[in-house]
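Numbers for residues simply follow the sequence, beginning at 1.
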Amino acid sequence: MNKTIIVSNRLPLQISIHNNNLAVNPSVGGLATGMKSVHEGGESLWIGWSGLKEEELDADLKKKVEAAIAQENCAAVGLTGKDLDNFYYGFSNNTLWPMFHYFMEYTTFEGEHWESYKEVNRKFAETVLQHTDDGDTIWVHDYQLLLLPELIKKERPNTSIGFFLHIPFPSYEVFRTLPWREELLNGMLGADLLGFHTYDYERHFLSSVRRILRVDIHFNEISYQGRTLRVDSFPMGIDYNKFRNAAITHYKKEEAQKSDLQKRLDAHLQSAPGAKMILSIDRLDYTKGIPNRLRAFEYFLDKYPQFREKVRFILLAVPSRSNVPQYQRLKKDTDELVGRINGKFSTVSWTPIWYFYRSMPFENLIDLYTSCEVALITPVRDGMNLVAKEYIATRVDKDGVLVLSEMAGASKEMNEALLINPNNFEQIADTLKKALEMPVEEQIERNTFLQQRLERYSVEKWAKEFMKALQATKQQHHVIVSKKITPQIKQQLFDHYKKAKRKLILLDYDGTLVNFTNIPKDARPDEELYHILDTLHEQENTDLVIISGRDRETFTKWFGDRGYTLIVEHGVWLKQKDKDWQALEKLKKDWMNNLKPIIETFVDRTPGTFIEEKNFSLAWHFRKADPELAQNRATELKTVLTSLISNHELSVLEGNKVIEIKSSNVNKGRASSRLLAENEYDFIFAIGDDWTDEYMFRELPEEAFTVKVGLKETSARYYVEDTTSVRALLNGFLS
């Protein structure tokens, strides 16, 4: 039976050792809750670090830990103290975390940290591979393991791999500054499904893939190394019923059952008519914008003094990475700001800010959520922010107001909240006033929509939706793999070739026999290619034809003395053995002078593009241009050209990073049909990579072996991944 394997940096377990006695308890909240249904359903395993360094474990203790973890359907990856320093605190949290949150001033690029990141990802891969078989489903989580999908896919190509990023993905302009950007993108593209919290992060990722790797993207699908993988957004939810039920229980408590914190909160609310509280809960992280939030509250009290002695700001800052200098400075700044603001506004009976620097039990969190009329959540950058959702879930009477930063991922699905720019103090002050004065009817109306959405799209639903989408990619993958040239199909092909009496081999050139280059003339044949073509040409009863959109001057230079049959400019010219070039079609070229100036305007407006003028066609190449700009310009140029040539016998062809205008009477299908009319063939093989080759595939007999290079929509019967696979296939004809 196929397994489901979850992989994250940490296991969903709290493991402690006292006097050689082991205690293992499940973690609560966040990912552990969301993945509970996936982890418990059927055959499943969770792989991650146990939280214990290798140096802390002797051989006996290590066996005990592994046995205890195995009972929880988990397996541990062993990490040393050095791994944690360089991989976790180093590359993960000093490079990726600040960069992905747009804090470039805190981002470091250390080669030693990168090497450790690669090594730890390999350690994770080794553990995953030990527990994985073909057909298994693997779900990899978060920024610590960006290289892992590719490492697994290389060794287990028939596994289905999902990856989810729990933090923002930055814009291309930020991501491109990473020295190891290609490696990280390639690592992520080992997955079959890539998930992000919001469409913005998805869009940023696709933009980086397109512009850095120059990979073809169609909507949210990426064609990569012979696979089609999908990118989508899945906004993470919370355990809605857990928070709502806890709030309901909270309201039923008698006075004697209330916590000390709740009693203090009640005392403030009763201290003055109209007294209210504003809640702020966050990890003490620079991405959360806590100093800005405090300054904005100070500005609010200055601008609206009528709220002094009536409003109290409760700030709960949970300690985070307290050994890191940036976090130590943040703690110092926060302490000083709280002290200064309290010193500025405090009275004998009122302190504007209650500041807690610690974690709080779940019961006390519910006390805060249910007692505070306003929640102020203003991160400067946040992947999702579940606190905002937890606050709304606990508002049993549907009152309360959420003031939320538009920079949090949660803002994309919580439009009924009051959204603010966390850097705009004026806006925050005005919005706080609006929140504190909002009529209850409006509060209920807003929160009704929010609660319905949160209840419907809980964290369990999030996990199920992702797994459902991952299973769909697996089904699509099987459909595609059935057309791939397998070893069995190869053998049938070669057997048929050897038995045939007369053979025709039709080969496209660019993107098929050679890789594309920025400058077309640089894609000249190499010695290996000449050897393959010469050997094929010399085989008995074999007609070798290179059929290309190239111009005849270039092919004369490269292949003119080789004796192959050459067809160029998509079927305008034919050269057979030692004969001169002959025109297959009678074409006019007077239209070229009219259209060339139009295409030149697109060259001028799109840096990195150029015109290639052939005998009977014009080609606009945009391989070197910015991919997003080029794609927009290509769409625009096609529209312009199509309208101009509607009454002429011309057509617009879109190849691989090229748009070509030529006569409608000319295509590779007509040229290949002419060859079929001249001879009887009992073996026909044709291979090509773009839309110009589709004419050829469609014109050839059904029994022909037609092959597409790359995973694309095609009329061909089979496909191979790339030019390396093409050459390997052609070499099979030589043996």
Side-chain angles (χ1 to χ4, degrees), residues 213-216 223-226 485 505-538 542-571 573 575 608-610 612 614 617 619-625 627 653-660 668 671-672 685-697 705-712 714 716 718-734:
L213 299 183
R214 302 297 175 112
V215 170
D216 287 336
S223 297
Y224 179 75
Q225 294 184 350
I485 291 194
I505 297 179
L506 296 158
L507 307 175
D508 174 48
Y509 186 74
D510 293 284
T512 301
L513 297 178
V514 297
N515 286 319
F516 289 102
T517 58
N518 288 333
I519 302 172
K521 68 180 182 181
D522 290 344
R524 58 179 60 88
D526 52 64
E527 289 305 316
E528 180 196 31
L529 180 58
Y530 277 133
H531 169 72
I532 293 171
L533 297 176
D534 287 345
T535 310
L536 276 173
H537 174 61
E538 290 163 5
T542 299
D543 291 342
L544 174 67
V545 181
I546 304 180
I547 182 166
S548 169
R550 286 275 185 171
D551 62 274
R552 61 175 176 165
E553 288 78 12
T554 300
F555 263 31
T556 300
K557 189 186 305 179
W558 289 350
F559 303 115
D561 60 348
R562 296 279 171 170
Y564 322 146
T565 297
L566 305 175
I567 297 175
V568 297
E569 299 191 29
H570 304 292
W573 298 99
K575 187 179 190 311
T609 67
F610 63 93
E612 181 185 8
K614 303 179 185 179
S617 67
W620 182 66
H621 292 269
F622 53 91
R623 182 168 302 280
K624 293 172 65 178
L653 291 179
E654 185 171 12
N656 196 311
K657 304 294 187 297
V658 60
I659 289 178
E660 190 161 354
K668 292 183 180 180
S672 53
F685 174 86
I687 189 165
D689 74 297
D690 67 22
W691 282 105
T692 65
D693 301 300
E694 293 301 315
Y695 295 102
M696 175 172 64
F697 297 149
F705 286 91
T706 51
V707 184
K708 188 80 165 184
V709 182
L711 201 58
K712 306 165 189 172
T714 181
Y718 308 108
Y719 82 88
V720 293
E721 290 92 343
D722 48 31
T723 57
T724 303
S725 304
V726 173
R727 294 195 182 191
L729 186 61
L730 294 179
N731 270 313
F733 290 124
L734 310 184

Is the Lys NZ or Arg CZ of Lys708 less than 6.0 Å from the centre of Trp691's six-membered ring, within 45° of the axis? yes
I'd like to check Leu730 versus Leu513 (side-chain heavy atoms, cut-off strictly below 4.5 Å). Are they in contact? yes
Gap between atom CD of Glu569 and atom OG of Ser548 - 0.5 Å precision: 9.5 Å
Just wondering, do Leu536 and Leu734 contact through their side chains at under 4.5 Å, heavy atoms? yes
Run the numbers on Lys657 and Phe516 for side chain to side chain contact (heavy atoms under 4.5 Å, CB included), then give the verdict. CA-CA 9 Å; Lys657 304 294 187 297; Phe516 289 102; over 6 Å; no
Verify side chain to side chain contact (heavy atoms under 4.5 Å, CB included) between Phe733 and Ile532, making sure each step is shown before the conclusion. CA-CA 9 Å; Phe733 290 124; Ile532 293 171; over 6 Å; no
The residue among Asn656, Val658, Thr517 that forms side-chain contact (heavy atoms from CB on, under 4.5 Å) with Arg623 is Asn656
Side chain proximity check, Arg524 to Lys557, heavy atoms < 4.5 angstrom: no
N/O donor-acceptor pair under 3.5 Å between Asp693 side chain and Asp690 backbone: yes
Measure the CG-OG1 distance between Leu544 and Thr535 for me, rounded to the nearest 0.5 Å. 10.5 Å
When rounded to the nearest 0.5 angstrom, what distance separates CG in Asp508 from CE in Met696? 6.5 Å
Could you report the tightest heavy-atom contact between Trp558 and Pro525, atom names first, then the distance? CD2-CD, 3.5 Å
Quick check for you: to the nearest 0.5 Å, what is the distance between Asp526 atom CG and Leu529 atom CG? 5.5 Å
Return the minimal non-hydrogen interatomic distance between Val726 and Val720, and the atom names on each side. CG2-CG2, 3.9 Å
With the side chain counted from C-beta on, respond yes when Phe610 and Pro520 share a heavy-atom pair under 4.5 Å apart, and no when they do not. yes
Within a strict 4.5 Å, meaning less than it, do heavy atoms of the Val707 and Ile485 side chains meet? yes
Can you tell me how far the OG1 atom of Thr565 sits from the CG atom of Leu507, to the nearest 0.5 Å? 11.0 Å
Atom of Glu721, atom of Gln225 and distance for their closest heavy-atom approach: CG-O, 3.8 Å
So, for Ala671 and Gly571, which heavy atoms are closest and what is the spacing to 0.1 Å? CB-CA, 3.9 Å
For the side chain of Arg727 and the backbone of Glu528, is there at least one donor-acceptor N/O pair under 3.5 Å apart? no
Run the side chain to side chain contact (heavy atoms under 4.5 Å, CB included) test on Thr609 and Trp620 for me, step by step, so that the C-alpha distance in whole Å, both residues' side-chain angles and the decisive distance to 0.1 Å come before the verdict. CA-CA 7 Å; Thr609 67; Trp620 182 66; 3.4 Å; yes
Between Asp534 and Arg562, does a side chain to side chain contact (heavy atoms under 4.5 Å, CB included) hold up when you go through it step by step? CA-CA 7 Å; Asp534 287 345; Arg562 296 279 171 170; 2.6 Å; yes
Check each of Ile547, Ile546, Leu506 against Ile567 using the side-chain contact (heavy atoms from CB on, under 4.5 Å) test, and report the only one that passes. Ile547
Using a distance-only test with no angle check, is there a side-chain donor-acceptor pair under 3.5 angstrom linking Glu694 and Thr714? yes
Would Phe685 and Phe705 count as a close aromatic pair, with their ring centres under 6.0 Å? no
Specify whether Phe555 and Phe559 have parallel, tilted or perpendicular ring planes, treating 30° as the upper limit for parallel and 60° as the lower limit for perpendicular. perpendicular
Point-to-point distance, once rounded to the nearest 0.5 Å, from NZ of Lys668 to OG1 of Thr692: 3.5 Å
On a heavy-atom basis, which atom in Phe697 and which in Gly688 lie closest, and how many Å separate them? CZ-N, 3.7 Å
Student check: side-chain heavy atoms of Thr706 and Tyr718 closer than 4.5 Å: no
Taking the side chain from Lys614 and the backbone from Gly549, do they hold a donor-acceptor pair closer than 3.5 Å? yes
Answer yes or no on whether Arg550 is positioned over the face of Tyr509, meaning its NZ or CZ is under 6.0 Å from the six-membered ring centre and within 45° of the axis. no
Give me the atom names and distance for the closest heavy-atom approach of Ile687 to Thr512. CG2-CG2, 3.8 Å
